[in-house]
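Heads up, the thing below is written out as structure tokens.
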Amino acid sequence: MTTAPIPFIDLKTQRARMGSAVDEAILKVVNHGAYIMGPEVTELERQLSAFCGARHTLTCANGTDALALVLMAKGVKPGDAVFVPAFTFVATAEVVAWVGATAVFVDVLEDSFNMDPAHLARSIAWAREAGLNPVGVIPVDLFGQPADYTAIMPVAEVNGLWLMSDAAQSFGAKLHNRSVGTYGLATSTSFFPAKPLGCYGDGGAVFTDDDELIEILRSLRIHGQGRDKYENVRIGINGRLDTIQAAVLLEKLKIFPDEIEARDRVAQRYNEALADVAVVPRVSAGATSVWAQYTLLLEDRNKVAAACQKAGVPTAIYYPIPLSHQEGYKHFPSGPGGVPMSEKLAGKVLSLPMHPYLGTDVQDRIIDVVRAAIAS
Ligand SMILES: *Cc1c(COP(=O)(O)O)cnc(C)c1O
């Protein structure tokens with residue numbers, strides 16, 4: 001039996017696979033010298049649009065800025081309510097607080113971990129009665145699976161809300177054969193190294209079909225510039241993606257479709273081996289997942305996590321505390337009835353090693369440890 005340390009995400013094997021191609025791509029930028037907004041940035045934006053079918057792509061410094069840029073472009077302000085899931089990474093709610101608006105926490109569904117459309121509808125009605133001005137909704141495609149846009153979009157529409165999809169974990173996934181990046185007004189994603197499509201530092205992007213929105217986003221990304229960078233027509237940020245990161249992403253994009261398939265094979269294999277002892281993740285009908293995380297629901301999560309740690313199998317808890325219960329966020333309201341499912345999930349989730357290079361022998365070792373721990 002091999003006892004080599006098991007990585008939670010294996011970026012080293014990917015790096016070895018790409019070999020000198022990525023070295024050369026980086027060196028090319030180092031030598032041509034257009035470190036800021038170089039030709040690789042424009043080319044990446046073109047290729048990302050082609051990849052997901054969005055009309056426009058704006059690359060930016062990270063996935064949090066991607067979210068914030070859209071809120072800034074929409075002029076979201078104090079008194080406005082933006083609806084976000086309670087069970088997500090903090091950035092989704094953080095950007096709402098940045099612009100002084102009120103984040104309203106919506107509960108999630110047990111089988112997908114994603115926003116509950118029925119609770120969204122009730123939360124919008126509640127916010128209106130409470131004197132807030134509902135303006136937008138940010139569903140999150142948690143762990144790589146698209147939220148239920150088929151149900152969420154009509155709720156947003158009848159209430160006059162724009163929809164931005166937080167696809168930081170799901171770029172590359174599809175829903176009813178439509179790629180993530182084409183739902184709602186805009187989609188944000190992240191190229192943080194651990195995301196399914198990651199660079200060698202921070203990076204992000206916004207996708208939209210809206211010609212007016214993309215013009216405003218381009219301006220906001222560079223200090224609210226007008227015709228040139230010394231004409232400032234609005235208050236913006238320094239939110240550009242580095243040319244070197246664009247060069248890395250252009251190389252990684254070449255192997256991304258193959259990696260998505262590999263991730264799915266790993267997930268299916270986990271599902272088959274663990275479905276009889278744990279609640280395994282389910283992909284909704286018509287959806288695909290890029291498996292940013294492979295997450296089990298366990299009655300005694302701590303017992304399994306401890307056994308895994310002892311056996312050298314890394315695990316992680318995404319996320320241990322719903323945002324509505326976080327010290328920095330508990331002054332924001334939750335929709336009617338609170339967020340009981342988010343609370344329940346936060347106490348039961350455990351994510352296992354997941355990446356495209358997880359070989360069957362190592363995966364079997366992980367499966368054996370998990371099964372033994374559950375049975376103990
Ligand atoms: C990672 C992540 C973000 C933020 O992306 P960064 O590039 O780290 O700023 C936003 N939302 C979700 C759901 C994420 O997982």
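Order of appearance sets the numbers: ligands from 1, and atoms from 1 within every ligand. Numbering of residues begins at 1 and proceeds along the displayed sequence. Only heavy atoms go into these numbers, but all of them, side chains included; no hydrogens, no water, no symmetry mates. If you're wondering where the values come from, they're calculated on a predicted model, not measured in any experiment.
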Would you mind listing which atoms of ligand 1 come within a distance below 4.0 Å of any non-hydrogen atom of [X]?
X	result
Ser190	5 (O), 6 (P), 7 (O)
Asn62	7 (O), 9 (O)
Thr88	13 (C)
Val140	13 (C)
Ala168	2 (C), 3 (C), 10 (C), 11 (N), 12 (C), 14 (C), 15 (O)

(message) Please tell me whether Tyr318 and Phe89 form a close aromatic pair, meaning their ring centres lie under 6.0 Å apart.
(response)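 Not close enough - the centres of the two rings lie 6.0 Å or further apart.
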(request) Verify the ring-centre separation between Phe171 and Phe207: is it less than 6.0 angstrom? (result)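 Close enough - the centres of the two rings lie under 6.0 Å apart.
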(message) Is the ring pair Phe143/Tyr319 parallel, tilted or perpendicular, if the boundaries are 30 and 60 degrees?
(response)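 Parallel.
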(request) Give a yes-or-no answer on whether the side chains of Arg128 and Asn133 include a donor-acceptor pair shorter than 3.5 Å. (result)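 Checked: Arg128/Asn133 side chains show no N/O donor-acceptor pair below 3.5 Å.
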(message) What I'd like to find out is whether the side chain of Tyr357 reaches to under 4.5 Å of the side chain of Arg17, using heavy atoms alone.
(response)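 The answer is yes, as the side chains (C-beta and beyond) meet within the 4.5 Å cut-off.
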(message) So which atom in Ala285 and which in His176 form the shortest heavy-atom distance, rounded to 0.1 Å?
(response)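 For Ala285 and His176, the tightest heavy-atom pair comes out as O-CE1, 3.9 Å.
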(request) Please report which non-hydrogen protein atom sits nearest to atom 13 (C) of ligand 1, along with the residue it belongs to and the distance in Å to one decimal place. (result)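 Result: Asp166 OD2, 3.5 Å.
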(request) Among all protein heavy atoms, pick out the one at the shortest distance from atom 1 (C) of ligand 1; state its residue, atom name and that distance to 0.1 Å. (result)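 Going by distance alone, atom 1 (C) of ligand 1 is nearest to Lys195 NZ, 1.6 Å.
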(request) May I ask you to check whether Leu142 has an N/O atom sitting below 3.5 Å from an N/O atom of ligand 1? (result)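 There is no such contact.
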(request) May I ask you to check whether Thr64 has an N/O atom sitting below 3.5 Å from an N/O atom of ligand 1? (result)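 N/O-N/O distance below 3.5 Å exists for this pair.
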(message) Would the distance check show the side chain of Asp228 and the main-chain N or O of Tyr230 forming a donor-acceptor pair, the cut-off being under 3.5 Å?
(response)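 Checking the backbone N and O of Tyr230 against the side chain of Asp228, a donor-acceptor pair under 3.5 Å is found.
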